[in-house]
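Before any comments, here is the structure.
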Amino acid sequence: MAKLWFKFQRCFRYFRRKPVRFFTLLAIYLTAGSLVFLHSGFVGQPAVPQSQASPAVGSPVEGAELPFLGDLHLGRGFRDTVEASSIARRYGPTFKGKDTSERAKLGDYGGAWSRALKGRVVREKEKEKEEEKAKYIGCYLDDTQSRALRGVSFFDYKKMTVFRCQDNCAERGYLYAGLEFGAECYCGHKIQAANVSESDCDMECKGERGSVCGGINRLSVYRLQLAQESARRYGSAVFRGCFRRPNNLSLALPVSAAMPNMSVDKCVDLCTEKEFPLAALAGTACHCGFPTTRFPLHDREDEQLCAQKCSAEEFESCGTPSYFIVYQTQVQDNRCMDRRFLPAKSKKLIALASFPGAGNTWARHLIELATGFYTGSYYFDGSLYNKGFKGERDHWRSGRTICIKTHESGQKEIEAFDAAILLIRNPYKALMAEFNRKYGGHIGFAAHAHWKGKEWPEFVRNYAPWWATHTLDWLKFGKTVLVVHFEDLKQDLFTQLGRMVSLLGVAVREDRLLCVESQKDGNFKRSGLRKLEYDPYTAEMRRTIAAYIRMVDTALRSRNLTGVPDAYGPR
């Protein structure tokens, strides 16, 4: 002990004589500690081990009593600005490199990307059901001089998977995705090659053992199921389809020009320059205009009726004098963009009620465009206000907004409203959308660790019963309730939005609804195919949720309403 004390005294006297050295050593020590601290902050979250079992959600069996659903609802302070939009995000055809947005497409989420850079990505073997993503249609010949799919292409000789290729093609609006040589992805609107034997597509995907990614000069081709919900593109224009020539052409499409050397580009450029949102190709004539009651774009014809090759483009159709190929340009249709507060205080409070994740914010966007009036909210969300929902700041009882967003349930909260639009969505989709919002933001995604950890099972256990009680409470206590299914609104926006506008007491203007159809996306939606590559629901979760679906279906039918859509699954 004495020796240690003697050495300490010697060091103390030494640094007392040379203070500069003391402070230099102290600075080096603190700097080293700071670097260690910063380094630990950049390391990604540890992956959740596969062996860590998640708590299962209890499930009722046939004939057993269902879990109590009485007073389950969140309080006044609950904040949600849900959105899962219905339609896949549109991108131009130019492929972007591995930037931040592209990284998210590679099947990883949130903080997991930093782990991917360190080679610690957890690859999932489970896949979504094939029909939910795309339909495999066969093996096709490919030629480097004349590609079978002539849209975007990209290669990844280490991590290519079927899902990644489908995801990238779908988000750029293509109908087909094809994989070749185990690592190459090609997109296109149509297949321009012959079908060959399945045995020719025999190469395994570089990033996915057990999956086939074409062969040598052979493509494994998929037709993307969400292609109609995303957008077929030609350059910056969105393909709308083949349509019969309108009766009064000059009124329906007021600007026309003869084009002997017709091409899609030329017609789209002309209509863009003239500031029209529609470009209609009619053989050697180009017509421009707006979607109107004279030309609503609701009755699509078989594309074979428009299959006349463009004189200036070998592989594209330019329509005929009787059947027009129609594209939507990048020009914004401003006929439905004006919005304001109600000129006089409303005497009725109308709710836009939904379970979180059911598309409430998207429905608000549609209502504002269709009516020209701001919508309000039972809550306040600054990000929604900054995105243009100016009614967000008003108190929900102000009477200045056309309707009020709410996720509340329970008799007292519901009876505060004079009427309601009740938006119902498939619980499997709604739960996942709300989970993504909760852990990833309005248009972000929950991290892989959240799905595989304890958060997801706990979330389903708490929120699945609320999905049922929310609808049951509004059906029971609501004074006047208009039920709208999210899936129906997505499928037939014109009709369903017209019903909603009528309940709000605003005259339905068809031209304005047609304008909304072309502006329907809004700012809050997640990309259509960028989602989990496996089913997060266990068998027990599905049995529990199926029981809740049956309850809601029975309640709807008992009030002579349409039951839940068949897409909700077996009941």
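Note that these values count all heavy atoms, side chains included, but never hydrogens, waters or copies made by symmetry.
Here the side chain of Asp338 pairs no donor or acceptor atom with the backbone of Gly372 at under 3.5 angstrom. The backbone N or O of Leu493 lies less than 3.5 Å from no partner atom in the side chain of Glu517, so there is not a single donor-acceptor pair. Here the side chain of Arg364 pairs no donor or acceptor atom with the backbone of Asn360 at under 3.5 angstrom. With hydrogens and angles ignored, the 3.5 Å screen pairs no side-chain donor or acceptor of Arg339 with any backbone N or O of Glu368. Trp474 places no side-chain N or O within donor-acceptor distance of the main-chain N or O of Ile421, the cut-off being under 3.5 Å. A distance-only check finds no donor-acceptor pair linking the side chain of His485 to the backbone of Glu487 [under 3.5 Å]. In terms of modelled atom types and a separation under 3.5 Å, the side chain of Asp511 and the main chain of Thr292 share no donor-acceptor contact. Side-chain atoms of His470 never come within 3.5 Å of backbone atoms of Ile424 as a donor-acceptor pair (strictly under, hydrogens ignored). Judged purely by atom type and a 3.5 angstrom limit, Glu392 uses its side chain to pair as donor or acceptor with the backbone of Asp381.
To the nearest 0.5 angstrom, Asp473 atom CG is 9.0 Å from Glu413 atom CD. Separation of atoms CZ (Phe417) and CG (Leu352) is listed at 10.0 Å; rounding is to 0.5 Å. Atom CG of Asn195 is separated from atom CG of Leu219 by 11.0 Å, given to the nearest 0.5 angstrom. Separating the CZ atom in Arg425 from the CG atom in Asp488 is a distance of 13.0 Å, to the nearest 0.5 Å. One finds the OG atom of Ser256 at 5.0 Å from the CG atom of Leu249 (value rounded to the nearest 0.5 Å). From Met262, atom CE reaches atom CG of Leu281 across 4.5 Å, with rounding to the nearest 0.5 Å.
Contact record, Leu149 with Tyr186: CD1-O, 3.5 Å, taken as the closest heavy-atom pair. Residues Leu556 and Leu475 share a closest heavy-atom pair of CD2-CD1, 3.8 Å. Nearest approach of Met500 to Val484, heavy atoms of both residues: CG-CG2, 3.9 Å. The two atoms that bring Ser317 and Ile325 nearest to each other are O-CG1, 4.1 Å, heavy atoms only. Considering all non-hydrogen atoms of both residues, Gly391 and Thr401 come closest at CA-CG2, 4.0 Å. Taking each heavy atom of Phe324 and Cys306 in turn, the nearest pair found is O-SG, 3.6 Å.
Residues in residues 365-402 take part in no disulfide (SG to SG under 2.5 Å) pair, two or more places apart or across chains. Sorted by first and then second residue, the disulfide (SG to SG under 2.5 Å) pairs with a member in residues 378-410 form an empty list; sequence neighbours excluded.
You'll find the side chain of His407 stays beyond 4.5 Å of the side chain of Phe355, heavy atoms only. Cys169 has its side chain within reach of Leu224: a pair of non-hydrogen atoms, C-beta onward, lies under 4.5 Å apart. Residues Cys515 and Phe290 fail the side-chain proximity criterion, which asks for heavy atoms closer than 4.5 Å. A 4.5 Å side-chain heavy-atom check between Tyr463 and Phe435 finds every atom pair outside the cut-off. Pro356 is listed as a side-chain neighbour of Trp466, based on a closest heavy-atom distance under 4.5 Å. Annotation: side chain of Leu504 is not in contact with side chain of Phe373 (no heavy-atom distance under 4.5 Å). Using a 4.5 Å heavy-atom threshold, the side chains of Arg294 and Asn247 count as separate. Between Leu514 and Asp333, every side-chain heavy-atom pair lies at or beyond the 4.5 Å cut-off.
For NZ of Lys309, the number of neighbouring non-hydrogen atoms (other residues, nucleotides, ligands) closer than 6.0 Å is 12 at most. Within 6.0 Å of atom NZ in Lys390, more than 12 heavy atoms from other residues, nucleotides or ligands are found, so the atom counts as buried in its surroundings. For Glu301, the CD atom counts as densely surrounded, since its 6.0 Å shell holds more than 12 non-hydrogen atoms of other residues, nucleotides or ligands. Residue-environment remark: CD (Glu510) stays at or below the threshold of 12 foreign heavy atoms within 6.0 Å. The environment of Asp299 atom CG is sparse: at most 12 non-hydrogen atoms of other residues, nucleotides or ligands sit within 6.0 angstrom.
Between Cys185 and Cys165, the two SG sulfurs come within 2.5 Å of each other, short of that mark. A disulfide is assigned to Cys318 and Cys310, since their SG atoms are nearer than 2.5 Å.
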- prompt: Taking it one step at a time, do Phe276 and Leu270 satisfy side chain to side chain contact (heavy atoms under 4.5 Å, CB included)?
  reply: CA-CA 9 Å; Phe276 285 100; Leu270 171 69; over 6 Å; no
- request: Kindly determine whether Cys271 and Cys286 satisfy disulfide bond (SG atoms under 2.5 Å apart), including the steps that lead there.
  value: CA-CA 8 Å; Cys271 296; Cys286 174; 3.9 Å; no
task: Using the side chain to side chain contact (heavy atoms under 4.5 Å, CB included) rule, take Trp467 and Val552 through it: C-alpha gap first, then chi angles, then the decisive distance, then the call.
output: CA-CA 9 Å; Trp467 176 86; Val552 171; 3.4 Å; yes
message: Working note: Leu369 + Leu497, criterion side chain to side chain contact (heavy atoms under 4.5 Å, CB included); need CA distance, chi angles, decisive distance, verdict.
response: CA-CA 10 Å; Leu369 295 187; Leu497 186 56; over 6 Å; no
query: What do the steps show when you test Val326 against Phe295 for side chain to side chain contact (heavy atoms under 4.5 Å, CB included), and what is the final call?
result: CA-CA 11 Å; Val326 179; Phe295 197 49; 3.9 Å; yes
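Between Tyr537 and Tyr428, the ring-plane angle classifies as perpendicular under the 30° and 60° cut-offs. Classification of the His298-Phe494 ring pair by plane angle, with boundaries at 30° and 60°, yields perpendicular. Using bins of under 30°, 30° to 60° and over 60° for the plane-to-plane angle, the ring pair Tyr378/Trp396 lands in the tilted bin.
Looking at Ser263 and Asn261, their side chains never bring a donor and an acceptor atom within 3.5 Å of each other. In this model, no donor atom of one side chain and acceptor atom of the other lie less than 3.5 Å apart for Gln304 and Tyr323.
In summary, the aromatic rings of Phe389 and Tyr374 are positioned with their centroids too far apart to meet the 6.0 Å limit.
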